[in-house]
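Working notes for the structure below.
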Amino acid sequence: MITATLSGCGGDDGDSGSGGGDGKLVLGFSQVGAESGWRTANTKSIQESAASAGVELKFSDAQGKQENQIKAIRNFITQRVDVIAFSPVVESGWDTVLKEAKDANIPVILTDRAVDSQDTSLYKTFIGSDFVLEGKKAGEWLVKDYEGKTDPVNIVELQGTPGAAPANDRKAGFADVIKADPKFKVVASQTGQFTRTDGKQVMETFLKAQPKIDVLYAHNDDMGLGAIEAIEAAGKKPGTDIKIITVDAVKDGMTALSEGKINYIVECSPLLGPQLMDLAKKVKAGETVPQRVLTEETTFTPEQAKAVLAERKY
């Protein structure tokens, strides 16, 4: 579900020309990569929304590397696009290139992930989810699920990409909620890089190293899905022997949830394209936009997943 205030969470065509010779708004967009089902759906939403909004999109895939993203932003500045948008690979290290965009009078929109720059004049707005809240929702479900029980609860955590805003914030939000009860113990926490492959490999390591695992908290569905493979290979039943909480609610995750292999999913919508096009047009026109545009999201239990699975778009 997306906020109503601003309706609507590939490859470069290689053209250089400056923005809008034919009156079209030219948007340069740098994507993190294609590390997950969520990211693929996010890219598709942006590409389709640009086409339907009559926006010329110059798309660049950073393949998970900050240096590629900085290079892409500099290329957009050279090409004199109208607006630059990007989903930052990590939070830190953007001030120099963002100042270059500002000096070139090209407005910047952050999508999905924030930066930790102290100078908020370097970008016009940030559109995306509240990752801390997502972590808190995951922790709140866990606390409620173990209400009235006193035995220790051993938790393993699959973190997202080190330094990325969703990884930092989902970890912090979750930790903040469970710290009040000493029975909850995070016995192992390691990055799975937001990928299914790494999620599986790290979970295999957890299972060998930890004699007792009660709960897995994965920062995204893909890592959780990889972990399910490792849990099943170890002869355990995901969702029963090890309870699993994930974030995203992509179709594969929702399918596993509906089958009881995942116990709870906190939604993070990737369908930010319509909102991004709306914001790009507004900042290009010099209109005032909110500095923070939140996407509205929900949570899902297995029963709720079964009810909506057929209509999921991603």
Side-chain angles (χ1 to χ4, degrees), residues 9-21 24-36 38-51 53-117 119-128 160-167 193-195 270-273 275-281 283-284 293:
C9 225
D12 193 323
D13 60 12
D15 289 343
S16 56
S18 78
K24 268 191 175 182
L25 184 147
V26 180
L27 173 66
F29 182 79
S30 175
Q31 180 62 283
V32 172
E35 75 282 3
S36 64
W38 192 100
R39 189 62 56 190
T40 303
N42 181 242
T43 291
K44 187 178 178 186
S45 174
I46 287 163
Q47 291 174 329
E48 289 179 350
S49 298
V55 170
E56 183 183 335
L57 181 68
K58 293 185 178 292
F59 185 90
S60 174
D61 182 336
Q63 300 178 325
K65 295 179 181 177
Q66 184 177 30
E67 59 266 31
N68 290 347
Q69 211 156 38
I70 290 171
K71 183 181 175 185
I73 292 168
R74 287 191 168 131
N75 283 340
F76 294 149
I77 294 169
T78 302
Q79 293 175 34
R80 301 294 307 162
V81 300
D82 295 313
V83 179
I84 292 170
F86 75 112
S87 184
V89 174
V90 293
E91 287 189 288
S92 302
W94 301 103
D95 282 30
T96 300
V97 74
L98 290 181
K99 279 175 184 163
E100 291 170 20
K102 185 180 178 182
D103 291 343
N105 292 315
I106 300 173
V108 173
I109 298 172
L110 306 178
T111 73
D112 166 48
R113 299 179 176 187
V115 297
D116 63 5
S117 173
D119 184 359
T120 55
S121 74
L122 295 177
Y123 57 91
K124 291 293 183 184
T125 185
F126 163 51
I127 171 179
T161 308
Q193 299 289 352
F194 281 132
T195 71
L271 307 181
L272 304 182
Q275 286 175 293
L276 175 58
M277 299 313 141
D278 194 22
L279 285 170
K281 288 179 178 180
V283 298
K284 170 60 179 170
V293 178

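Computed from a predicted model, the values in this text were never measured in an experiment.
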State, yes or no, whether a side-chain contact exists between [X] and [Y] at a heavy-atom distance under 4.5 Å.
{"X": "V115", "Y": "F126", "result": "no"}
{"X": "I109", "Y": "L27", "result": "no"}
{"X": "V32", "Y": "F194", "result": "no"}
{"X": "W94", "Y": "Q69", "result": "yes"}
{"X": "Q193", "Y": "T161", "result": "yes"}
{"X": "L271", "Y": "K44", "result": "no"}
{"X": "F86", "Y": "T111", "result": "no"}

Please give me the minimum heavy-atom distance between [X] and [Y], naming the atom from each residue.
{"X": "I106", "Y": "I77", "value": "CD1-CA, 3.9 Å"}
{"X": "P88", "Y": "A114", "value": "CG-O, 3.9 Å"}
{"X": "A85", "Y": "L276", "value": "CB-CD1, 3.9 Å"}
{"X": "A280", "Y": "V83", "value": "O-CG2, 3.7 Å"}
{"X": "D82", "Y": "K24", "value": "OD2-O, 3.7 Å"}

Has R113 got a side-chain atom pairing as donor or acceptor with V89's backbone, closer than 3.5 angstrom?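 The answer is yes, because a donor-acceptor pair under 3.5 Å joins these two groups.
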Using a 3.5 Å distance criterion without hydrogens, assess whether the side chain of S45 forms a donor-acceptor pair with backbone atoms of A41.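 The answer is no, because no donor-acceptor pair under 3.5 Å joins these two groups.
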Listed partners of E35 passing side-chain hydrogen bond (donor to acceptor under 3.5 Å, both in side chains), at least two apart: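 Testing E35 for side-chain hydrogen bond (donor to acceptor under 3.5 Å, both in side chains), a comparison that skips the adjacent residues, returns R39.
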Distance (rounded to the nearest 0.5 Å) between L122 CG and L110 CG: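 It comes to 9.5 Å.
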Excluding sequence neighbours, so at least two apart, what forms salt bridge (charged side-chain N to carboxylate O under 4.0 Å, His left out) with K281?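 Salt bridge (charged side-chain N to carboxylate O under 4.0 Å, His left out) check on K281 returns nothing, list empty.
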From D119, T120, T125, residue fulfilling side chain to side chain contact (heavy atoms under 4.5 Å, CB included) relative to Y123: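 Single pass found, and it is T120.
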So if I apply the side chain to side chain donor-acceptor pair (under 3.5 Å) rule between Q31 and each of T43, T40, D112, which one comes out positive?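 Of the listed options, the one satisfying the test is T43.
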